[in-house]
Amino acid sequence: MTTRPVALVPGVLALLPSYASLEDPVAGLRAACLAAVAALGPRVRVLASGPSGVRVAEALVSAAGGCVVDEDETGVLVVGNGSAKRTEKAPGHFDARAEAFDAALRESFAGIDAALAAELWADTACLGALPPLAEAEVTYDDAPFGVQYWVATWRAA
Amino acid sequence: MRLGRHTFGDDEALMMAIVNRTPDSFFDKGATWAEDAAFARVAEVVAQGAEIVDIGGIKAAPGVEISAAEEKDRVVDFVARVRETYPELVISVDTWRAEVGAAVCEAGADLLNDAWGGADPELVDVAAQYDAAIVCTHTGGVTPRTRPYRIEYDDVVASAIADTVAYAERALDAGVARESIVIDPAHDFGKNTFHSLEVTRRLGEMVATGWPVLVSLSNKDFVGETLGLDVGERLLGTLAATSVCALAGARIYRVHQVVETRQSVDMVWSIAGRRPPLRAIRGLQ
């Protein structure tokens, strides 16, 4: 286990304030993300594969009352998710391999096939070092829009 | 903006549903002349989400003369009944007569919609006395219940702004609250179709006065003449004009069709960046 709490959230752009709707389409996901981020303490280091993931992480940390730091962190926020090809209406359309790919991630983040992840539109670049979900408190595990999301928290050892 | 007992934010667009207590108005042709039919119409538009009902006892077009006493018979008790049943609803009464205005305010009206541009100079005093809101319209100086006949303007929008703002300032001087004064270019009133089209096209200039703008476009002759359509066929044209006015920032829409107008205004309001989408997830998953 780690010496600092670690949380995993998906890089869902709908979580950004600039994309707010009158009715929140990701209300449940947002609540889970905010609770997970709140458990990281006031200074959060972010690991994300790209700028949009960083923006999502910054927005969540800010909404939870913390700030993003490069060192002396009280917790680590990892941004990533499974395949975006889970259903016919998924952003990447349906790929029959996606469900098994996500099921494997659910067991372990070790040894992810980066090429397959890219084909399946999975954002896994920062997930490799995470302990298994079995060791986390998983508060969200669903693919409501054809994209596999997890929200999970690994408490400090 | 405050309409009688009801306050609204600057980013809200409001639906004012027309409820005629007349036997002869042009669109519904007396469908809500009976009090119970008019009351059912109120229930319907409330269910459709209208914030305001505009109750009228005299049709705008020329016709049988209706005395103030008869006008009061048609609207005063009805206003009281609506007030009692729907305390959250803004009640507007379409009248130009101060005597009628006082009676309906006494019965619970929040807003006096003077479609005839201040023909009765004492109407503003009534609004002030009852802390009611008032709609200041532009009619080009015509007498109530007359049709425009060979009226021309050097600049119809400049005339509409000058007259409605002057009326608004007269209301302010009489003691009407600043936040309770609304201006209306009054499409088709003292205007030919070309005038009404120009007022629509240049509505932003009225909005720029800073007074909240009401538009009354619903199924009017300028739509009918523009498209060659009879009264029952003007919804799409009305909604096109509505969209142009919404983009310019009109705040109140006096309408027959609440649902369709709301949908159009909501869409334009979102395009204008004044209203978030209801529920956007496409591409944002």
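Just so it is clear: chains get the letters A, B, ... in the order the sequence lines come, proteins before strands, and each one is counted from 1. Quantities reported herein were computed from a predicted structural model and do not represent experimental measurements.
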statement: So, the part of A:Asn81 with a heavy atom under 4.5 Å from chain B: the answer is neither
message: So if I take each residue of residues 278-285 of chain B and look for any heavy atom under 4.5 Å from a heavy atom in chain A, which residues do I end up with?
response: B:Leu278, B:Arg279, B:Ala280, B:Ile281, B:Gly283, B:Leu284, B:Gln285
Given B:Val104, B:Ile55, B:Val182, B:Asn113, the one that forms side-chain contact (heavy atoms from CB on, under 4.5 Å) with B:Ser92: B:Asn113
message: For B:Asn219 and B:Glu233: C-alpha separation, side-chain torsions, deciding distance, then whether side chain to side chain donor-acceptor pair (under 3.5 Å) applies.
response: CA-CA 8 Å; B:Asn219 301 290; B:Glu233 305 171 322; over 6 Å; no
query: Are B:Arg274 and B:Trp269 in a cation-pi setup, meaning NZ or CZ lies under 6.0 angstrom from the ring centre and within 45 degrees of the ring axis?
result: yes
- request: Ignoring hydrogens and angles, state whether a donor on the side chain of B:His187 or B:Thr200 is under 3.5 Å from an acceptor on the partner side chain.
  value: yes
message: Using heavy-atom distances under 4.5 Å, tell me whether A:Val147 contacts chain B through its side chain, its backbone, both, or neither.
response: side chain
- request: Decide whether A:Gln148 and A:Asp141 meet the rule of one side-chain donor and one side-chain acceptor closer than 3.5 Å.
  value: yes
query: Relative to A:Phe94, does A:Arg86 satisfy both conditions: NZ or CZ under 6.0 angstrom from the six-membered ring centre, and within 45 degrees of the ring's axis?
result: no
message: Nearest 0.5 angstrom please: B:Leu89 CG to B:Ile52 CD1, how far?
response: 8.5 Å
